[in-house]
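In this text, all values refer to a predicted model and were calculated from it rather than measured experimentally. Order of listing sets the numbers, starting from 1, for every ligand and every atom in it.
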Amino acid sequence: MTATTVYSARRIHTMNPAQPTASHVAVRDGRILAVGDLARLQAWGPHTLDERFADKVLLPGFVEGHCHLKEGSLWEWPYLGWFDRRDPAGKVWPGLRSMAAVVARLAEIDAEMIAPTSTAAAEAEASGAAQAPLIAWGFDPIYFGGERMTVAHLDGVGDGTRPIVIAHANGHLMNVNSAMLHAAGISAETEVEGVMKFDAGPLAGQPNGELQEPAAMYLVLKHVGNAGLLAPLSEAGLRAFGAIATYQGVTTATDLVNRLAEADLAVLRGACGDDHFPVRIVPAFQAFHGTHGAAAGAEHVRALIATSTDRLRFGLVKMMLDGSIQGFSARLRWPGYFNSPNGTKNGIWVTAPAQYEADFETYHRAGLTIHSHTNGDEASGAAVDAIERVLARAPRPDHRHTLQHGQMIDAPMFARMGALGLCANLFTNHLWYWGDQHHDMTMGPDRAHRLNACRSALNAGVALAIHSDAPVTPLAPLFTAWCAVNRITPSGRVLGAAECLTVAEALRAITLGAAWTLKLDAEIGSIECGKRADFAVLHDDPFELPPSKLKDARIWGTVLSGRVFSASE
Ligand SMILES: [Zn+2]
């Protein structure tokens, strides 16, 4: 299309400091031709005036710098989370507020699975074929005080013969019942780190059904065709993700763990090659557990870069050092965990630091941008140490390497990151979803007040993005920005008021800030001449609402490379 469309709007917030607001934007060939008032745009020649957004507010399309496309496909399984949650169709599933409610919900699902829906199912059952496993997701026992889930809870579901797999919200842990432990061959003799065992009572030494981190979870996942975050991407799941992105104003989203195997690529190319798919996808190659050799991985990603299109971008690599703080599997510096059910035990190295440094160097020398998962401060420190040495051996300007989560990074570590040119994509949704638990249980009050220290990052000159890690928490960048602005927990506590961002700073972090970490800031993240015509279309102006209501700004839909997507269609 070479025609020019001019959109009028109640207000356009551009994120371009040279021209912060405007009333009109002209779009040609999927890009922004001009921004300003109608008279200025008319100088570009004939155009069609489109007034459908005349009473709406336009912002740059939101950029989610750390999420997973499984946000769409996890809804194939029942949701067991503590918070109410909206599914791709817009239905809100109520949260489950006690361990008993979780077990009762599982019993209902088991009963539904038993009810013969076809003669084939009944015959299969009668012939003694293995029962289909019950897989569910979104669970987190930390909301139930100190009580952890064990086989004792799950073995009471149904007659105890159906294998049950419960993926935790954080993606790092799962719980299974005795039938699943048996089917997977996990016993008292299993010596794999992360296979948790009863440490007292009559069952001391027996596996208790909790599995931490990929090596332990894989023992089960290989028997159920994968589940939770590690399940394969489906076409339908990707479409569901697109629906969520549209109603949350997101036009560019990462998939921050993707094997990029042929099957994954076929699904991605199918969706992103369709003009009606509403989101640009930036998948990151899974460069840890389960992949073979950094040199081969780097070669694979480099070859894929040549096949990038506007809406499917290759070039990111994801590495992983530790686990999750609320799962007590993150690596913490002294003084360690505050009130851990595991006592004084530290978390798990998903990748040993020496291996991380060697693999990081291989991907870095191949010219790729590496995003490293580091939740605990010991893991963040290990990454900064390793990257400092790699950059001394192999300097490379403007690498945009990014620490992902970085939840416990303090001012001195941000100063080192700033000096090294490292970006931070902080997990501000934790302030709401686990802020009280971090204060009371995982790290205690002192460190909880510097949780996701956005202000310290900016003060140190560190390029800042903020994220949801969906499906760990819901994809909703305005909510993520609200967390960074208000830093409030469900109990009403404000964690570290000195770290609060302004609304303008938080909105920058979910647009230009995230685009910067993806090295796409020359193309997206602001509304200015030459960039892709990506807009978040809102009913409400986030700058007119009180900061405490930022999350409630209503979203109409999006525009992606000039194509309009309404959330209600
Ligand atoms: Zn993630």
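- For the ring-ring contact (aromatic ring centres under 6.0 Å, His included) condition, the pairs that include at least one residue of residues 454-474, sequence neighbours left out, are H66-H467, H405-H467, F427-H467.
- Note on H373: not counted as a metal contact of the Zn ion (ligand 1), no N/O/S atom lying under 2.8 Å.
- The name of the N, O or S atom in D469 nearest to the Zn ion (ligand 1) is OD1.
- Annotation: side-chain hydrogen bond (donor to acceptor under 3.5 Å, both in side chains) contacts of Q326 (sequence neighbours excluded): none.
- Angle NE2 (H66) to the Zn ion (ligand 1) to NE2 (H68): 110°, rounded to 10°.
- Between the side chains of T374 and S372, not a single donor N or O lies within less than 3.5 Å of an accepting N or O.
- For W434 and H438, the distance between ring centers is not under 6.0 angstrom.
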